[in-house]
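What follows is one structure encoded as structure tokens, with my remarks underneath.
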Amino acid sequence: MAILSKEEAQAILKKVIGYSKADFCEVGLNGSDGGNIRYARNAVSTAGQISTMSLGVSSTFGKKTGSATINEFDDASLQKVVKRAEELAMLAPENPEFMPPLDPQTFPESNTYNAKTAAMTPDTRAEMVGKSLSVSKAAGLDAAGFLENSTRFNAIMNSKGLFAYNKGTDVSFSVTVRNKQGTGSGYIEQGFNDLDKMDTLALSKIAASKANGSAGAKAIEPGKYTVILEPLAASDIIGNMFRGFDARSADEGRSFMSKKGGGTRLGEQLFSENVNIYSDPMNAEIPSATFTGEGLPVKRTQWVEKGVVKNLSYSRYWAAQKNVQPLPFSRSMVIEGGTQSLEDLIKSTEKGILVTRFWYIRSVDPQTLLLTGLTRDGTFYIENGEIKFPIKNFRFNESPVIMLNNVEALGKPVRTGSGLIPPMKIRDFTFTSLSDAI
Amino acid sequence: MKRKDFLYLSGMGMGALLLPDLSAFGTPIDPLQALDGVDVKIKKELADVALNAAKSKGATYADIRIGRYLNQFVATREKRVQGVANTESYGVGIRVLANGCWGFAATNNVTKDAIAKAAEQAVAVAKANAKIQGEPVQLAPQKGYGEVSWKTPIEINAFEVPVKEKVDLLLNVNDVAMQNGANFVNSVIFAVNEQKYFASTDGSYIDQDVHRIYPTFNVTKVDRESGKFKTRNALSAPSGKGYEYMHARPEDKVTGVVTRYKGRYDMLEDVKEAARVATEKVKAKSVEPGKYDLVLDPSHLWLTIHESVGHPTELDRVLGYEANYAGTSFLTLDKWESKNFKFGSDKVNIVADKTQVGSLGAVGYDDEGVKCKKWDLIKNGILTSYQAIRDQAHIIGLTESNGCCYSQGWDDVQFQRMPNVSLQPGKEKLSVDDMIKNVEKGIYIIGDGSFSIDQQRYNFQFGGQIFYEIKEGKIAGMLNDVAYQANTQEFWNSCNAICDESDYRLGGSFNDGKGQPSQSSAVSHGSATTRFNGVNVINTARKI
């Protein structure tokens, strides 16, 4: 059984801590149980069912730390893994950045688990994929997709008495639908904790509609355009920016958040006034664990307010160096938006380009966060508030920092990947060349 | 090792080097324990349990992979050791064909009972999915090899080299960087050993011991006054070798405007040059956009080959199996059937080779029991073949697989992965200096940098590590902000000179990602220095 209850996990962790002879001992236990189906050419290509659980021990003498993990749970194995971590600690060099384990903390109960998602079986998955295939087959299109679900837990404990436990579920689905001629392609993806929110039939219909609608794309000249980025496209680009919110890199002068002459750009107006970004593990739409791997509580944090950078992320070590409180980064970012729908944003656009998603985004220059990548699976020309015709894909070279300075309007946020992101209307977005890819 | 974790680890240019979540790629173990293999007789017994259980439940074909995957990281930053980790991942993956459909199950419980149960589970998965399956799977015939084995030909097992020796080397590397003007430096040695046992109902019992090594670093120079910073990464090539790779001899060094390496690597020498180059880059001039003749060093060109030749010649991508993730390919079957699709100029000869000694992709047998080999993909510029595995071979009229099946671990299903794909050197004697002499307006690019290509592999953009301007046949100084954009077919048709065999070197990727769930594989790409005429270069400088 890969999924343990809070009490079961606590019992194992207590036993492991009891075997420790080190100055400090930190233990983590995690497990997952799930499966997947991959399909293409309107048929299943691979499918699997995987179940795993493992225990990790980190032992410290002075500032020398060793770690070991194991996936057997009898007493002899638990004693062995503690002994092995302690032996490695004795062999390890001193870590001058070592931080002792945290004292006990309190964490709110997260909302990441859903019983129905946890009960999914190979037949549930086959049925959901079957609905997706029914759309493509009926429309004479080709579908390739991926459905995956998992239930997982993680628990941590240290020798100073800290304990934390979280259990969660996920179900994710993505599908690319192409026409038989290979001249049109559409895509959609969604992920939830709750299976009831996942509708593979409705999602596949959207992808099929884009596949038909994007056929016969025309070439238009690369250049600077007003773009409307669907939430997935916006998320693809902005996700790359958040690593730059690390205080240490900024202080060291090697981040876009570093200030010329020294210091950081914390407190500066870096983006348009309508840009507000925060993270909150308790957000009902995108819940996440309320503690980090070392047991630091994760709380609601405002990262950007009215375009001003309000916080940078501090590791415990760097926070101690700078005499501030540690601040962990979150994976569940929320970019606040408005009430407008994607259609409203299109209606308000005189001339522009609608982007479904981007692909193969890579950093070109860490100094300016310049990124390159391409549009994919549905790019359309907008004129006088209407989609006029599909256009060929573009390569872009753009920085998310520049992009968030050119925000004209934000729509209603939706869950996309690990964020809650609005559709965005951006002026002067830089496309540098055309692609023949469909 | 999972790709996303390694990408995080190798994203050193963005900040401090961080060790990934170790639980994602294995179990930390005592270094010495890594040297003990599992007895082949025991593995055969376990394999037979799986194969018999699968057949008894109705499988028409079954294979089992018993895998023991060992990794070792030693990672440092300036004067600090950031992490030393030895990991092990041990378990079995069972793949079956039942009712014409694939099924797969994996367990880390390596007992006869658990293996039999996993085999039954794999058959159940296959039968559940057969209800929505299209055409039944058609498997190319494969003879059983009986009990055979293969091992990477290494001289020194990296796992037998004391951790202290690696720590001392990396701290020395960091010291050299800082002494030569760097502000920050991260360095790492990453070693891999895959102990893989494969058995199938075809009658093969294949035991393999695969080794790889990847030393690398990232040097950063910061100019506080201007607020600029520049980085340079190592010019090492991840390699299918043992620790002997770290002991470079004079004949392993390719001298020139910077020293590059052939076969073995001198990390201390390379980091000294990297610190100098990073300092020069801060003050180098920004490129004027336009058309240039590009002279591409193998330390750079491997990545262009990987993206623009390696991936589009994967048959699963051509057929649409990767459509929902990395995409399809412009090299559609009609182009191959025409027998005259002009992929590149007459000078372009590209081979696939899973047997190349010292390469990352070299093994004796693939992960579905096919003996590995070498074959042509592009011959005199014409597309001649693809990369195929057993369930695709019939589509291109092959009676046997090319042997391109691979899985990153025992708990992932095997599928089509790229073999080593390499550009063959020129047949006439031509040195790098000879090539540069003939360039009026060009850029000489060394080392790999930013890379991006569309989902059918037409439009790409590449950066690099070091850019030298070529004016009237001579190197005229360093450039910044360089990236080139091209269409794959136009680019390879603009290839008009390739240095000879004496300049041929391997580059490669330790972590090529593909599939859903995404898997990582390691692959090498060889070439000699090559020239492409009239390529579009853009300037990537921006102000924020």
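Here is how names work: the chains are called A, B, and so on, in the same order as the sequence lines, proteins then strands, and each is numbered from 1.
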Residue part contacting chain A, namely of B:Thr107, when any heavy atom lies under 4.5 Å: neither
Portion of B:Gln455 that has a non-hydrogen atom of chain A nearer than 4.5 angstrom: both
Can you tell which part of [X] gets under 4.5 Å to a heavy atom of chain B, answering side chain, backbone, both or neither?
X	answer
A:Val401	side chain
A:Asp436	both
A:Ser45	both
A:Thr432	both
A:Glu148	side chain

Pair A:Asp251, A:Trp318: side-chain N/O donor-acceptor within cut-off below 3.5 Å: yes
Determine yes or no for a side-chain-to-main-chain donor-acceptor pair under 3.5 angstrom, with [X] supplying the side chain and [Y] the backbone.
X	Y	result
B:Asn129	A:Val44	no
B:Ser407	B:Asp412	yes
A:Gln49	B:Gly103	no

Validation row, ring centre A:Phe396 to ring centre A:Phe394 under 6.0 Å: no
